[in-house]
*Asks:* 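I have a structure I would like to understand better, so I am pasting it below and will then ask my questions one at a time.
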Amino acid sequence: MSDRLTVLKTYKLYVGGKFPRSESGRVYEVTDSKGKWLANAPLSSRKDARDAVLAARKAFGGWSGATAYNRGQVLYRVAEMLEGRRDQFTREVADAEGLSKSKAAAVVDATIDRWVWYAGWTDKIAQVVGGGNPVAGPFFNLSSPEPTGVVAVLAPQESSFLGLVSVLAPVIATGNTAVVVASEKSPLPALSLAEVLATSDVPGGVVNVLSGRTAEIATPLAAHQDVNAIDLAGADEVLAKELEIAAADNLKRVLRPQPVDYAETPGIDRMTAFLETKTVWHPTGSLGASGSSY
């Protein structure tokens, strides 16, 4: 009989491509659905939130400037890495959400498929929501979508993995960078996802993952002047109202919480929610004395 002690995993934040502990040094206990201790997770502070926004802003230029096709390749690589760690995520989702192994495996499979789904949209969304506009005059008028910027994402509280990916993937697929606040009750799948992102091709700072008290982290993010948008999926009704008021200070885009069945195939709403439309006018010129144009 072996007397070997199991090596317990130390969970950390993911900020700017690195894995720091919370600057406050605080942690909190994470338990499974039956109250059994699973791990200590970092309890993020306001300073951690500000550091994450700084990292996201620094990464925005390179990520938004990459080709849509390249972003699709990067997202697909994340799905490949998730497939290789399928058993680990199945265990974590089962513990986090109180599911049987078979049901947790189905959730993980759906999550991986969700990454692939959004990977396929990166170079197609512009064709769907952009295009040429008919105008009265000798002009070309073209509209094209552009990313909003830094997006704060409050991950769903109950769907710790599929819900998380369903709100994160559309943000980065369209060229935004993200600061993710993991599920307060079940943060471990999100913190493990950060390890996958770090070892895939996602540049550091494109996704930053914080764990802790949702209200404590979300409040400074909603008021932050360098955050361009916020997804309130993981906020309750009272907190969502407070955050929406704070977000109005610099006219952030706000996606309000709403009932969502994350198992259903998503539409494009979460992608278009964090896109701006740039419209360009260009004179067509004229040919010949008849005034015909091309």
Side-chain angles (χ1 to χ4, degrees), residues 6-22 30 38-42 44 48 51-52 54-56 58-96 104-105 107-120 122 150-151 153 155 160-183 186-211:
T6 302
V7 178
L8 298 177
K9 182 173 181 177
T10 301
Y11 288 89
K12 297 181 182 179
L13 307 177
Y14 184 55
V15 178
K18 299 179 180 179
F19 292 93
R21 291 178 170 82
S22 171
V30 178
L38 294 174
N40 289 334
S44 301
D48 295 317
D51 289 346
L54 190 65
K58 186 177 180 180
F60 176 68
W63 183 243
S64 61
T67 65
Y69 179 75
N70 178 243
R71 286 199 297 270
Q73 289 178 308
V74 171
L75 263 67
Y76 188 81
R77 176 61 176 163
V78 173
E80 289 180 346
M81 300 291 286
L82 286 173
E83 189 77 39
R85 298 176 65 165
R86 181 175 177 275
D87 290 344
Q88 174 198 346
F89 282 102
T90 296
R91 290 193 303 271
E92 291 190 345
V93 170
D95 288 339
V107 169
V108 172
D109 289 344
T111 304
I112 297 171
D113 293 346
R114 187 64 44 87
W115 269 113
V116 175
W117 196 85
Y118 278 111
T122 57
V150 175
V151 181
V153 179
S160 63
F161 196 41
L162 178 56
L164 165 73
V165 166
S166 296
V167 297
L168 169 61
V171 169
I172 63 173
T174 48
N176 299 289
T177 54
V179 177
V180 179
V181 181
S183 165
S186 307
L188 303 188
L191 297 176
S192 291
L193 175 63
E195 298 173 1
V196 171
L197 298 173
T199 53
S200 63
D201 298 326
V202 180
V206 170
V207 179
N208 305 273
V209 182
L210 305 175
S211 60

*Asks:* If every non-hydrogen atom of Leu164 is compared with every non-hydrogen atom of Ala155, which pair is closest and at what distance?
*Replies:* CD1-CB, 3.7 Å

*Asks:* According to the side chain to side chain donor-acceptor pair (under 3.5 Å) rule, which pairs have a member within residues 163-179, sequence neighbours left out?
*Replies:* Arg114-Ser166, Thr174-Asn176

*Asks:* What pairs meet the ring pair (Phe, Tyr, Trp, His ring centres under 6.0 Å) rule with one or both residues in residues 188-207, with sequence neighbours excluded?
*Replies:* none

*Asks:* Between the side chains of Arg85 and Glu92, is the shortest nitrogen-to-carboxylate-oxygen separation below 4.0 Å, so that they form an ion pair?
*Replies:* no

*Asks:* For the NZ atom on Lys9, are there more than 12 heavy atoms of other groups (residues, nucleotides or ligands in this structure) within a distance under 6.0 Å?
*Replies:* yes

*Asks:* Counting distance only, does the side-chain N/O of Ser211 pair as donor-acceptor with the main-chain N or O of Pro42 below 3.5 Å?
*Replies:* yes

*Asks:* Would a distance-only check, ignoring hydrogens and angles, find a side-chain to backbone donor-acceptor pair under 3.5 Å from Thr122 to Tyr118?
*Replies:* no

*Asks:* Any side-chain heavy atom of Asp48 within less than 4.5 Å of one from Leu13?
*Replies:* yes

*Asks:* Any chance you could measure Leu82, atom CG, to Leu197, atom CG, to the nearest 0.5 Å?
*Replies:* 8.0 Å

*Asks:* Out of the candidates Leu210, Val209, Val30, only one should pair with Leu191 under the side chain to side chain contact (heavy atoms under 4.5 Å, CB included) rule; please name it.
*Replies:* Val209

*Asks:* Looking only at heavy atoms, what is the nearest atom pair of Met81 and Ser200, with distance?
*Replies:* CG-CB, 4.0 Å

*Asks:* Show the nearest heavy-atom pair for residues Ile112 and Ala79, with the distance to one decimal.
*Replies:* CG2-O, 3.8 Å

*Asks:* Restricting to pairs with a member in residues 67-91, which pass ring pair (Phe, Tyr, Trp, His ring centres under 6.0 Å), not counting sequence neighbours?
*Replies:* Phe89-Phe161

*Asks:* Between Ser186 and Ala96, which heavy-atom pair has the shortest distance, and what is it?
*Replies:* OG-O, 3.3 Å

*Asks:* Could you state the interatomic distance from CD (Glu195) to CZ (Phe19), rounded to the nearest 0.5 Å?
*Replies:* 5.5 Å

*Asks:* Any chance CZ of Arg21 has more than 12 other-residue heavy atoms, nucleotides or ligands included, within less than 6.0 Å?
*Replies:* no

*Asks:* Nearest 0.5 Å please: distance from the CD atom of Gln88 over to the CG atom of Leu188.
*Replies:* 10.0 Å

*Asks:* Could you tell me which non-hydrogen atom of Tyr11 sits nearest to which non-hydrogen atom of Asn40, and how far apart they are?
*Replies:* CB-O, 4.1 Å

*Asks:* Looking only at heavy atoms, which two atoms of Val206 and Val202 are closest? And how far apart?
*Replies:* CB-CG1, 3.8 Å

*Asks:* Keeping Asn208 on the side-chain end and Gly16 on the backbone end, is there a donor-acceptor pair under 3.5 Å?
*Replies:* yes

*Asks:* Please answer whether the main-chain N or O of Ile172 pairs with a side-chain N or O of Trp63 as donor and acceptor at a distance below 3.5 Å.
*Replies:* yes

